[in-house]
Amino acid sequence: MNSKGYNLTNKNRAVTTAASPPLLSLHRWLFIVLILIAIPKLVLAQPGKRISPEDLKKLSVEELMNLEVTSVSKAPEKLSEVASAVQVVTNEDVVRSTATRLPEALRLATNLQVAQSNAHEWAVTARGFNGAPLSNNTLANKLLVMIDGRTIYTPLFGGVFWGVQNVLLEDLDRIEVVSGPGGTLWGANAVNGVINIMSKNARETQGLLFSESIGTFLQDQISLRYGAQIDSKLFFRVYGQRIDHNPTRRLNGDESNDEWHMTQGGFRMDYYPSSKNTFTLQGDLYAGKTDSAVSDLNGQNVLGRWTHMFTDQSDITLQVYYDRTYRNQDATGLLDVLNTYDADFQHRFPVRKRHKVLWGIGYRIMDDNFRSTPGLSFAPSRRTLELFNGFIQDQISLIPRRLELTLGTKLIHNDYTGFEWQPSARISWLPNHRNTFWAAVSRAVRTPSRLDAEIISPVLGSVQDFRSEKVTAYELGYRMTPTNKISFSLAAFYNNYDHVRSIDTNLNPGPFFVFDNNLDGSSSGIEISANVFLRNWWRIRGGYTFLRTKLSPSTPQVLPASVLVEAQDPRNQLLLQSNMDLPKGFQLDFVGRYVDLVPSTIAVASYITLNARIAWIYRRFTFSINGRNLLQERHTEFGNTQIPRSIYQKITLRL
């Protein structure tokens, strides 16, 4: 037994800690507490007016292009003017898409590649390099993902365990997706893109929300949220959610034993002590269980953020968070416990009239404790990793409101490769308010994970001096709004990669193969997206991506299969979403996708999917019938499991 109470000596015994109560019983009391809080609201609520399609009117194209995004420069910028390939998925896009979980909502960002690998895990990346599928995750590791400012990153393999990442979709504000390097501001792993998932503040989510979905693949999902204000300056909300998913099937028709059960709850508080100060405190806790190798997992996080505004152009932000994750695989004996502590500070200010300067510093500690087995271990089994970073960026107005140049760099220090720097230069030209041209060149790195640098198994090991993967990216883009009913964007890119991870034949005694850095290559492609209002009641949005990736070994020891381990990506993707507001409070929505052949050891054929939703809104009540993957009984997206057709009904009540 170690100092933190983890029993790491017997892989056949349950692993418990004083800090890990049986959280799977959470839903039994969480919903009771929320319902008791909400009963007075239910009793006292007066019938509201009928909500008409006009009340639910979508944002116009002009309003969409004037949305302020923060993921490109860490400061508010109009979407129409940013010098980057960024897309925004709004709350309405998600609510009307049949999505029930966060990865399903990410499909709506047409500059992402999103594939479901089993009942609870997903492969998500931008501009390629979706890594090989494993039993409970994929090896995609070149995408930085944040939920309300908290990085959901595991140093175990450098990616995301998507099965446990979720937000209450009704409380989602928007998802900003930047394809292309973001390392200058966001740091390591922002190699091919950045996903910034932002929830509404507590002031925007007042009252009671109750929803329940019952269906086939999605067996049951129940959500409850209650928001209120304590005084004119302090707002809060609490929520709980329970999800039960049926299993997928393997290619031979057998069940995959990956049925999924997850309970999650949390809170958010927003305090506005003055017009210049904002304080946010929020947290979540979850627990999940499946019949596959991942048998038990849970996690908790808490985040605090303070922002002080000096002027509209000058502010400081301080953010700290703590995040704990626990994963126990009874079938294999694997256990991983990760505690992350993070602090970030940034300062934005103008210099005269032509410069907007942003600088910041950050520090992160990741304490990872992995229980080894005869088949897999890390040396050492417990590792405390430190990450230091500092950045500076200057946005220079060469011709006011017409031509802007942005220069910046980030310096990071990690425990594996020491100092790394990530510079970028971006330029944008606005000949008028309807057209924007931009270009960029950037350098980004993916720092080693524990899997790269410390793995030990009878078959696979790692070199002692595993290096960071590096990319130099060149981008060109054009964004236009020819009318108030049409918007269009185009981005083209070329990426040059060095020292990509490879699997090499080991010529020395020991494991047969080792991880090394002996793949180099390039990727190129285009990304197109558009929003069109065909009528005031009918909107279509969508996009197309083309991707070509080429990797080649730099030594003869590299296994040919290394390319497929690192990059399993479709060449062509197409998405169309149609939202129609019909008379009498009805809505009719469709989402269609085409995904090209995915090359892998188990090739995934190209496929077309169609999701549909018909909803009726009356006063504060919404009822909908939803169907996903309607064109075929089941199909494969990633790995060797088949995702079935799914039908579910959903009711939503707002008070």
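The structure presented is a predicted model; accordingly, all values stated were derived computationally and were not measured.
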Determine whether the side chains of N339 and Y322 contain a donor N or O and an acceptor N or O closer than 3.5 Å.
yes
Check each of T280, N201, T278 against D270 using the side-chain hydrogen bond (donor to acceptor under 3.5 Å, both in side chains) test, and report the only one that passes.
T280
Can you spot which of V69, T110, I175 makes a side chain to side chain contact (heavy atoms under 4.5 Å, CB included) with Q87?
T110
Hey, mind stepping through R237 and D171 against salt bridge (Lys or Arg N to Asp or Glu O under 4.0 Å) and telling me if it holds?
CA-CA 10 Å; R237 70 166 176 259; D171 290 349; 3.7 Å; yes
Stepwise salt bridge (Lys or Arg N to Asp or Glu O under 4.0 Å) check, R96 with D589
CA-CA 6 Å; R96 301 185 62 168; D589 307 313; 2.8 Å; yes
Q241 and Q221: CA distance, side-chain angles, deciding distance, side-chain contact (heavy atoms from CB on, under 4.5 Å) verdict
CA-CA 7 Å; Q241 186 177 73; Q221 179 173 349; 3.1 Å; yes
T325 and L297, any side-chain heavy atoms less than 4.5 Å apart
no
Within the 3.5 Å criterion, strictly below it, is a donor on S256 or T248 matched to an acceptor on the partner's side chain?
yes
Does a donor on one side chain sit under 3.5 Å from an acceptor on the other, for N196 and S71?
yes
Run the numbers on R250 and E255 for salt bridge (Lys or Arg N to Asp or Glu O under 4.0 Å), then give the verdict.
CA-CA 6 Å; R250 301 191 185 279; E255 283 194 359; over 6 Å; no
Does the side chain of Q282 pick up a donor-acceptor pair with the side chain of Y321 at under 3.5 Å?
no
Between R107 and E637, does any NZ, NE, NH1 or NH2 come within less than 4.0 Å of an OD or OE carboxylate oxygen?
yes
Consider side chain to side chain contact (heavy atoms under 4.5 Å, CB included). Of V145, V89, D148, V177, which one does I197 pass it with?
V145
Worked check of salt bridge (Lys or Arg N to Asp or Glu O under 4.0 Å) between D336 and R327
CA-CA 5 Å; D336 186 56; R327 304 181 69 88; over 6 Å; no
How about H261 and H245: do any of their side-chain heavy atoms sit closer than 4.5 Å?
no
side-chain hydrogen bond (donor to acceptor under 3.5 Å, both in side chains) with R324: of T340, N298, N301, only one passes, and it is N298
Q300 and Y286: side chain donor to acceptor below 3.5 Å:
no
Does NZ or CZ of R268 lie under 6.0 Å from the centre of the six-membered ring of F236, at an angle within 45° of the ring axis?
no
Distance alone, cut at 3.5 Å: any donor-acceptor contact between the side chains of N626 and T98?
no
Partner of V167 under side chain to side chain contact (heavy atoms under 4.5 Å, CB included), chosen from D284, V94, I147
I147
Taking atom types as modelled, is there a side-chain donor on S199 or D173 under 3.5 Å from an acceptor on the other?
no
Given the side-chain rings of F157 and F161, with only the six-membered ring counted for Trp, is the space between their centroids under 6.0 Å?
yes
Would you please classify the geometry between the H635 ring and the Y607 ring as parallel, tilted or perpendicular, with 30° and 60° separating the classes?
tilted
